[in-house]
Visitor: 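Quick one: structure below, then a few questions.
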There are 2 protein chains.
Amino acid sequence: MKRSVKQSPKLPAEKRRAQLVKAATRLFIRKGYRWATMDEIARAAGVTKGALYFHFKNKEDLLFAVVKQSWERVSGPIYDLSETEPSPTALLDKTLRMCLEDIDRGNYLSMGLLEQALKIPRIRNYWSRENIRMADALAEALVVKCGIGREEALMAIKLLDAVIDGLIVQRNIFLSKQEANRLADQLVRLFGIYLNQADKR
Amino acid sequence: MKRSVKQSPKLPAEKRRAQLVKAATRLFIRKGYRWATMDEIARAAGVTKGALYFHFKNKEDLLFAVVKQSWERVSGPIYDLSETEPSPTALLDKTLRMCLEDIDRGNYLSMGLLEQALKIPRIRNYWSRENIRMADALAEALVVKCGIGREEALMAIKLLDAVIDGLIVQRNIFLSKQEANRLADQLVRLFGIYLNQADKR
DNA sequence: CCGCTAATACCTACCGATCGGTATCTATTT
DNA sequence: AAATAGATACCGATCGGTAGGTATTAGCGG
């Protein structure tokens with residue numbers, strides 16, 4: 001006997017995939033990779049586990065999709081800014097605000113999730129490659145805008161990365177939204193001073 | 001029929017506890033809280049799971065012990081330095097080196113582990129209380145040493161926390177030992193500049 | 001515009017492995 | 001002999017993954 005079973009409306013694969021990635025991102029961030037189950041991710045996207053496994057090979061595959069989409073969403077605007085925004089400190093400022101807003105929306109990859117993800121070789125390769133590409137691009141922009149040496153620019157970018165990560169961690173752990181924004185102010189100021197000094201030498 | 005079973009030498013509870021905490025710390029950091037099993041932690045300390053559960057109520061309890069011991073090991077020297085070391089930048093410098101060495105030894109709590117741990121209310125309470133206590137103490141020391149205002153000192157400490165975390169994350173994710181140390185140099189310089197400016201106003 | 005057919009997207013039910021936790025017994029130490 | 005520390009064997013729940021089926025949709029010939 002065939003029983004009629006209600007199904008979620010069939011969406012084109014791309015659309016459903018995007019929904020699943022979105023749901024997975026939120027849950028991975030909120031609960032951690034290992035604690036978020038495939039079942040609840042599927043349900044959060046309005047389908048069942050079976051459908052989830054239709055779109056993704058396994059949990060790692062889903063994590064990769066999450067990391068990739070997340071990187072693209074964040075890095076895109078930064079690449080844009082590095083071309084349109086003449087002031088490096090303004091670039092940092094806007095980047096930090098963007099990251100903080102992303103955290104508020106529950107979309108910004110927590111450090112813990114990232115740590116877990118980078119244990120997977122495929123993801124680590126991707127992240128590392130993209131990271132280097134971006135560092136090079138930003139450093140190049142710095143060289144042009146500030147007239148400092150390439151080595152110095154690369155170091156400045158590393159410092160910038162550390163500053164961003166530091167803020168993210170603090171926000172994720174203890175700081176309120178307001179406090180985080182004030183801390184961001186200070187970090188931007190500080191980075192400005194650093195560049196100034198590098199400039200003079 | 002009774003078979004004679006070899007047992008690990010019986011140690012005084014305190015000693016075995018310390019061994020178990022040490023093993024757990026390493027494994028939690030290396031593999032993540034959820035992936036490190038009670039069984040392998042016990043074996044790493046040379047006993048079986050049964051013995052582990054004799055010393056700790058459950059996995060959370062073990063995690064709490066790990067976090068607590070870790071905090072005490074790191075915060076102790078910092079408190080000491082805040083009293084003996086007159087220069088705040090030197091304090092930051094020594095703190096950063098200490099943290100980096102701790103990472104090399106596999107003893108420094110990764111951000112991911114900390115994130116997980118802080119989801120447990122009991123641990124979050126502990127950590128938050130201790131963190132505030134230390135921030136106050138360091139800020140007080142700054143006020144005395146640099147003659148800056150209390151508010152400014154507290155902000156400086158927040159910045160300092162962010163700087164430390166940023167370095168840790170970078171080291172855990174991408175940077176080699178050498179690169180991390182050079183980044184630390186820059187961060188110390190940066191903090192020095194910040195204090196100088198705060199001083200002048 | 002209509003039925004028919006494939007391909008696509010989705011669902012249910014289950015399996016097997018893992019792992020936290022416990023009960024109970026055994027060895028060691030004092 | 002009593003207290004302490006450790007070992008073993010098991011249970012139950014959870015969860016990733018799969019098999020095999022069902023519903024929906026797009027496309028196509030008429």
Side-chain angles (χ1 to χ4, degrees), chain A residues 1-24 27-28 30-66 113 116-117 119-120 122-123, chain B residues 1-24 27-28 30-66 113 116-117 119-120 122-123:
Chain A
M1 184 179 62
K2 300 177 191 173
R3 274 192 331 187
S4 185
V5 173
K6 241 187 228 164
Q7 286 191 183
S8 279
K10 280 198 198 315
L11 296 186
E14 279 314 305
K15 222 167 170 103
R16 185 65 79 189
R17 262 185 80 96
Q19 284 186 356
L20 286 165
V21 167
K22 194 170 172 185
L27 283 168
F28 281 164
R30 181 138 39 96
K31 309 187 73 174
Y33 177 63
R34 194 68 198 280
W35 300 83
T37 70
M38 293 300 264
D39 208 71
E40 84 188 310
I41 290 167
R43 263 201 301 273
V47 291
T48 62
K49 200 164 57 161
L52 176 48
Y53 274 93
F54 174 78
H55 292 285
F56 297 91
K57 207 170 116 272
N58 52 33
K59 203 177 183 184
E60 280 194 3
D61 196 40
L62 178 57
L63 178 58
F64 182 73
V66 164
L113 181 57
Q116 282 294 324
K119 282 175 187 160
I120 295 161
R122 182 168 156 234
I123 299 184
Chain B
M1 184 181 61
K2 300 177 191 173
R3 275 191 329 187
S4 185
V5 173
K6 244 188 229 164
Q7 287 191 182
S8 280
K10 281 196 198 317
L11 295 187
E14 279 314 305
K15 216 156 177 121
R16 186 64 81 190
R17 261 185 81 97
Q19 283 187 357
L20 286 164
V21 168
K22 195 170 170 185
L27 283 167
F28 281 163
R30 181 138 41 96
K31 310 187 71 175
Y33 176 63
R34 194 67 198 281
W35 300 83
T37 71
M38 293 300 264
D39 208 70
E40 84 188 310
I41 290 167
R43 262 200 299 275
V47 291
T48 61
K49 199 164 57 159
L52 175 49
Y53 273 93
F54 173 79
H55 292 284
F56 297 91
K57 207 170 116 271
N58 51 32
K59 203 178 183 184
E60 278 193 5
D61 196 39
L62 178 56
L63 178 58
F64 182 74
V66 164
L113 181 56
Q116 283 293 325
K119 282 175 186 158
I120 295 160
R122 182 168 156 234
I123 298 184

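Note that the structure is predicted; figures quoted are calculated from it, not measured.
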Visitor: Determine the contact category for A:A36: base if any of its heavy atoms lies under 4.0 Å from a base atom, sugar-phosphate if only primed atoms, P, OP1 or OP2 are that close, otherwise nothing.
Guide: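 It contacts sugar-phosphate atoms only.
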Visitor: Quick check: on DNA chain D, is the nucleotide nearest B:V47 upstream (toward 5') of the one nearest B:R34, or the reverse? Name the residue that is more 5'.
Guide: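 Between the two, 5'-proximity favours B:V47.
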Visitor: Give me, pair by pair, the N or O atoms of the protein and of nucleotides 1-5 of chain D that are less than 3.5 Å apart, along with how far apart they are.
Guide:
{"unit_1": "D:dA5", "atom_1": "OP1", "unit_2": "B:A13", "atom_2": "N", "d": "3.2"}
{"unit_1": "D:dA5", "atom_1": "N3", "unit_2": "B:K10", "atom_2": "NZ", "d": "2.8"}

Visitor: Kindly indicate whether a cation-pi arrangement holds for B:K59 with B:Y33, taking the cut-offs as under 6.0 Å to the six-membered ring centre and within 45° of the axis.
Guide: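 Flagged: B:K59 positioned over aromatic ring of B:Y33.
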Visitor: Is B:L62 close to B:M38 at the side-chain level, that is, under 4.5 Å between some pair of heavy atoms?
Guide: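 They are in contact (side-chain heavy atoms under 4.5 Å apart), so the answer is yes.
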Visitor: Measure the distance from NZ on A:K15 to P on D:dA26 and round it to the nearest whole Å.
Guide: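 Result: 13 Å.
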Visitor: Can you tell me how far C1' of C:dG21 sits from CG of B:D61, to the nearest Å?
Guide: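 Distance check: B:D61 CG to C:dG21 C1' gives 13 Å.
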Visitor: Would you mind reading off the distance between B:L27 atom CG and C:dG20 atom P, rounded to a whole angstrom?
Guide: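 Interatomic distance, CG of B:L27 to P of C:dG20: 12 Å.
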Visitor: To the nearest Å, give me how far apart CD (A:E40) and C1' (D:dG16) are.
Guide: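 Checked: the CD to C1' distance equals 13 Å.
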Visitor: Whole angstrom is fine here: how far is it from OH in A:Y53 over to P in C:dC15?
Guide: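 The distance from OH of A:Y53 to P of C:dC15 comes to 17 Å, rounded to the nearest Å.
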Visitor: When you measure only distances, ignoring hydrogens and angles, does the side chain of B:K49 come within 3.5 Å of the base of C:dG20 through a donor and an acceptor?
Guide: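 Checked by distance alone, the answer is yes.
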Visitor: Classify B:T37 by what it touches in the nucleic acid, base, sugar-phosphate, or nothing, heavy-atom distance under 4.0 Å.
Guide: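 B:T37: backbone/sugar contact only, no base atoms under 4.0 Å.
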Visitor: Taking CZ from B:F56 and P from C:dT22, how many angstroms apart are they, rounded to a whole number?
Guide: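 Rounded to the whole Å, the gap is 16 Å.
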Visitor: Calculate, to the nearest 0.5 Å, the distance between atoms CD and CG belonging to A:Q116 and B:L113 respectively.
Guide: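 Result: 10.0 Å between the selected atoms.
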Visitor: Given C:dG20, D:dA7, D:dG16, identify the nucleotide with an atom nearest to the side chain of B:T48.
Guide: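 Per side-chain heavy atoms of B:T48, the pick is D:dA7.
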Visitor: Taking only distance into account, with no hydrogens and no angle test, what donor-acceptor pairs under 3.5 Å do side-chain atoms of residues 44-58 of chain A form with protein atoms, sequence neighbours excluded?
Guide:
{"unit_1": "A:N58", "atom_1": "OD1", "unit_2": "A:E60", "atom_2": "N", "d": "3.3"}
{"unit_1": "A:N58", "atom_1": "OD1", "unit_2": "A:D61", "atom_2": "N", "d": "2.9"}

Visitor: Indicate, with a heavy-atom threshold strictly under 4.0 Å, whether B:A45 touches base, sugar-phosphate, or nothing.
Guide: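 Contact class for B:A45: none.
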Visitor: Atom CG of A:L52 and atom C1' of C:dT8: how far apart are they, to the nearest Å?
Guide: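 Interatomic distance, CG of A:L52 to C1' of C:dT8: 17 Å.
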Visitor: Would you give the length of the straight line joining atom CZ of A:F64 to atom CD1 of A:I120, rounded to the nearest 0.5 angstrom?
Guide: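 Going from CZ on A:F64 over to CD1 on A:I120, the span is 10.0 Å.
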Visitor: To the nearest 0.5 angstrom, please state how far the CD atom of B:Q19 sits from the CD1 atom of B:I41.
Guide: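 B:Q19 atom CD to B:I41 atom CD1 measures 14.0 Å (nearest 0.5 Å).
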Visitor: Where each residue is assigned the nucleotide of DNA chain C containing its nearest heavy atom, which of A:G50 and B:Y33 is assigned the position nearer the 5′ end?
Guide: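 Residue closer to the 5' terminus by nearest nucleotide: A:G50.
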Visitor: Provide, to the nearest angstrom, the distance between the CG atom belonging to A:D39 and the P atom belonging to C:dA13.
Guide: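 Going from CG in A:D39 over to P in C:dA13 covers 13 Å.
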Visitor: Do the side chain of B:K31 and the main chain of B:T37 share a donor and acceptor less than 3.5 angstrom apart?
Guide: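 Checked: no pair found.
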